[in-house]
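A, B, ... follow the sequence lines: proteins, then strands. Residue 1 opens every chain. Atoms considered below: every heavy atom in the structure, side chains included; atoms not considered: hydrogens, waters and symmetry mates.
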There are 2 protein chains.
Amino acid sequence: MARAELLRQQSTHLALAELKAACANCNLREICLPAGLTTAELDQLDTMVDVRRKIKRGESLYRAGEPFDSIYAIRSGFFKARVTYEDGRDQVTGFSMAGEILGLDGIGQGKHNCDAVALEDSEVCSIPYSRLEELSREINGLQRHFHKVMSREIVRESGVMMLLGVMRAEERIAAFLLNMSQRLAARGYSPLEFHLRMTREEIGSYLGLKLETVSRAFSKFHNDGLIQVEQKFVRIVDIDGLKEVYAHHVS
Amino acid sequence: MARAELLRQQSTHLALAELKAACANCNLREICLPAGLTTAELDQLDTMVDVRRKIKRGESLYRAGEPFDSIYAIRSGFFKARVTYEDGRDQVTGFSMAGEILGLDGIGQGKHNCDAVALEDSEVCSIPYSRLEELSREINGLQRHFHKVMSREIVRESGVMMLLGVMRAEERIAAFLLNMSQRLAARGYSPLEFHLRMTREEIGSYLGLKLETVSRAFSKFHNDGLIQVEQKFVRIVDIDGLKEVYAHHVS
DNA sequence: AGGGTCATTTGATCCATATCAACACGCCGG
DNA sequence: CCGGCGTGTTGATATGGATCAAATGACCCT
């Protein structure tokens with residue numbers, strides 16, 4: 001897999017074209033569907049969006065073990081996915097921003113296998129899975145698109161495997177920052193200046209590092225003139241330098 | 001996620017009931033489908049299996065970048081999935097044994113994003129994806145089942161994330177052995193005595209460890225009376241002891 | 001404004017695993 | 001039978017990141 005691709009694929013994202021105005025007007029038609037459907041089909045889709053739901057910072061959209069019945073289109077806000085193990089330790093398994101789809105982890109098990117926790121006040125649209133399944137049979141493009149979204153999730157995770165399996169700390173952080181930047185750009189947000197919504201500890205948990213290591217890497221990048229960091233605010237100053245760190249990869 | 005579940009979910013496996021005689025008589029009906037379909041539907045399914053293909057040890061079933069058009073049911077043999085990065089380094093992203101499904105990595109991208117390499121002489125059945133998609137619309141249970149298989153892949157990978165993100169070397173090896181054992185059991189093979197099909201280096205690559213570390217862990221488990229290892233042959237002597245190592249997890 | 005809590009930074013030390021190195025074993029082809 | 005190569009084992013050493021520790025700063029609540 002080309003490295004550039006790896007970056008691109010690290011989110012369950014939707015193509016820019018599929019996303020126009022997604023946040024301004026949340027319905028399935030705009031958030032998670034491919035173009036090329038007939039008007040009648042689009043109308044059918046609109047009937048699928050069940051409810052909008054507001055989730056306050058720190059609250060869970062769903063929790064591991066809860067029955068799975070819907071997937072969610074994030075209208076606004078920011079989430080982390082978290083798995084808690086028996087011994088009480090937990091691990092962040094992903095971050096999701098506005099315009100992305102959440103809840104795929106539940107498909108096929110009948111229940112969710114991670115918690116989705118809002119990192120800031122957020123709003124989502126529920127999409128009942130049974131309706132989606134039903135409609136998938138009727139609308140050709142929808143099924144294909146949905147499989148695409150699912151498989152992107154698979155590919156995303158295999159990108160994370162590389163992160164965790166072969167990259168070293170600074171490379172992981174660089175990859176993380178570049179990935180955030182790309183995902184923000186894909187949603188029309190500024191890709192070079194943004195607020196991290198998560199703590200150093202959450203970043204570390206996601207990347208398989210300790211919070212101190214994350215902090216040190218940020219400091220080092222700052223001192224090296226690659227980024228400017230202040231608390232959760234990040235400005236990418238030298239994106240090529242960052243890419244070099246990411247690609248440096250000792251052989 | 002319960003730890004036991006984690007183990008269970010680490011393969012793209014199929015329920016035992018779905019699998020009866022899978023290897024003796026490879027067709028889609030037996031290998032990858034849920035019960036409960038009508039005879040007519042089953043007959044339709046049989047038409048989907050395109051070709052059987054033999055792959056010699058060391059050869060690739062498919063390679064990253066090749067166009068994706070089929071998924072594969074492994075009739076016999078053993079495969080590893082491998083991703084090669086730009087700098088020439090590669091990582092093993094999974095192992096697949098007889099009765100499991102291979103090739104899901106290609107769905108949605110139109111091309112495969114990893115190599116599937118046979119670790120021993122193997123035989124697979126191709127299942128053209130377009131046919132599968134088509135039929136999914138016609139047969140209710142098939143679509144649901146297929147989503148299930150895909151999402152199991154997602155869950156599997158999140159199990160691997162835990163491996164790579166939070167476990168230490170010996171825990172990873174224990175988890176790996178227990179997972180192999182379970183998957184073998186699910187296919188009716190002896191779960192306590194088996195041949196690893198892969199080298200220490202391949203195991204290490206999969207688990208994010210170096211081959212020496214894998215070797216040392218095996219030696220230690222051997223000395224501790226948990227397993228007997230000789231080259232690629234493994235006998236699990238004290239499976240509870242192994243589970244303890246796996247669950248030991250320093251907090 | 002004052003006090004508590006949580007997030008972050010930075011330094012010092014430790015340790016698990018990588019790395020380097022040497023040797024043993026099995027397998028294959030000559 | 002020999003030599004070479006791939007694989008595996010084991011020991012010695014190096015090191016990246018974890019861990020421990022302390023201080024600072026941001027934010028919230030009253």
Side-chain angles (χ1 to χ4, degrees), chain A residues 56-58 78 80 89 91-92 117 119-121 163-177 195-224 227-234 245 248-251, chain B residues 56-58 80 89-92 117 119-120 163-177 195-224 227-235 245 248-251:
Chain A
K56 284 217 171 300
R57 176 189 150 99
F78 208 93
K80 69 172 174 185
R89 279 206 289 182
Q91 187 180 17
V92 172
V117 181
L119 294 180
E120 57 181 22
D121 294 355
L163 265 185
L164 297 176
V166 320
M167 292 175 63
R168 45 195 56 218
E170 284 175 21
E171 293 170 332
R172 295 181 200 198
I173 307 282
F176 170 76
L177 288 172
H195 264 78
L196 299 171
R197 273 25 188 241
M198 69 296 282
T199 66
R200 303 285 187 266
E201 187 171 20
E202 286 163 335
I203 297 172
S205 172
Y206 177 62
L207 298 176
L209 301 170
K210 291 293 158 186
L211 67 96
E212 295 95 329
T213 306
V214 175
S215 177
R216 277 184 242 272
F218 277 179
S219 298
K220 178 159 191 304
F221 289 168
H222 189 107
N223 292 333
D224 292 353
I227 61 176
Q228 286 171 11
V229 216
E230 182 148 354
Q231 295 286 109
K232 296 202 167 71
F233 179 80
V234 174
V245 173
H248 186 257
H249 255 238
V250 213
S251 314
Chain B
K56 285 218 169 300
R57 176 189 150 98
K80 69 172 174 185
R89 279 206 288 182
D90 54 16
Q91 185 179 19
V92 172
V117 181
L119 293 180
E120 58 181 21
L163 265 186
L164 298 176
V166 320
M167 293 175 62
R168 43 196 56 216
E170 284 176 21
E171 294 169 332
R172 296 182 199 197
I173 307 282
F176 170 76
L177 288 171
H195 264 78
L196 299 171
R197 282 9 197 247
M198 69 294 283
T199 66
R200 303 285 188 264
E201 187 171 20
E202 286 163 335
I203 297 172
S205 172
Y206 178 62
L207 298 176
L209 301 170
K210 291 293 158 185
L211 66 95
E212 295 95 328
T213 306
V214 175
S215 178
R216 277 185 242 273
F218 277 0
S219 298
K220 178 158 191 304
F221 289 168
H222 188 107
N223 292 332
D224 292 353
I227 62 176
Q228 287 170 12
V229 215
E230 181 149 354
Q231 297 284 111
K232 295 200 167 72
F233 179 79
V234 174
R235 178 201 306 267
V245 173
H248 186 259
H249 254 238
V250 213
S251 317

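Look at CG on B:Asn223: it is 11 Å from P on D:dT9, rounded to the nearest Å. When rounded to the nearest whole Å, the span between CD1 of A:Ile173 and P of C:dT9 equals 11 Å. Per the geometry, CG belonging to B:Leu196 stands 13 Å off C1' belonging to D:dT7, to the nearest Å. Taking atom NE2 of A:His222 as the reference point, atom P of C:dT8 lies 16 Å away to the nearest angstrom. Rounded to whole Å, the distance from CD1 on B:Ile203 to C1' on D:dT9 is 14 Å. Counting to the nearest Å, the P atom of C:dG26 and the NE2 atom of B:His195 are 13 Å from each other. Atom CZ in B:Phe233 sits roughly 17 Å away from atom C1' in D:dG8 (whole-Å rounding). Summarising the geometry, the separation between CG on A:Leu163 and P on D:dG17 is reported as 13 Å, rounded to the nearest angstrom.
Distances shown here put a side-chain N or O of B:Ser219 below 4.0 Å from the OP1 or OP2 atom of D:dT10. Remark: B:Arg216 is not in phosphate contact with D:dT9, judged by side-chain N or O atoms under 4.0 Å from OP1 or OP2. In this model, the phosphate group of D:dG8 is approached by a side-chain N or O of B:Lys232 to a distance below 4.0 Å at OP1 or OP2. At the phosphate of C:dT17, neither OP1 nor OP2 sits under 4.0 Å from any side-chain N or O atom of B:Thr213. At C:dA7, none of the side-chain N or O atoms of A:Ser215 fall inside 4.0 Å of OP1 or OP2 (strictly under the cut-off). In this structure, A:Lys210 reaches the D:dT19 phosphate: one of its side-chain N or O atoms is under 4.0 Å from OP1 or OP2. The phosphate of D:dT7 (OP1 or OP2) has no side-chain N or O of B:Arg200 nearer than 4.0 angstrom.
B:Leu209 comes within 4.0 angstrom of sugar-phosphate atoms only, judged by non-hydrogen atoms across all strands, and of no base. The residue A:Gly204 sits apart from the nucleic acid: no heavy atom pair falls under 4.0 Å.
In this structure the side chain of A:Phe233 never reaches within 4.5 angstrom of the side chain of A:Gln228, judged on heavy atoms. The shortest side-chain heavy-atom distance between A:Glu201 and A:Val92 does not fall under the 4.5 Å cut-off.
A donor N or O paired with an acceptor N or O is found under 3.5 Å between the base of C:dC20 and the side-chain atoms of B:Glu212.
Nearest to the side chain of A:Gln231, among D:dT9, C:dT10, C:dT8, sits C:dT8.
Residues A:Glu230 and A:Arg172 each lie close to DNA chain D; by heavy-atom proximity, the contact nearer the 5' end of the strand is made by A:Arg172.
Proximity of a side-chain donor or acceptor of A:Arg200 to a complementary backbone N or O of A:Lys210 within less than 3.5 Å is not detected. Side-chain N or O atoms of A:Arg197 include none that pairs as donor or acceptor with a backbone N or O of A:Leu119 at under 3.5 Å.
Distance check, rounded to the nearest 0.5 Å: CG of A:Leu163 to CZ of A:Phe176 gives 10.0 Å.
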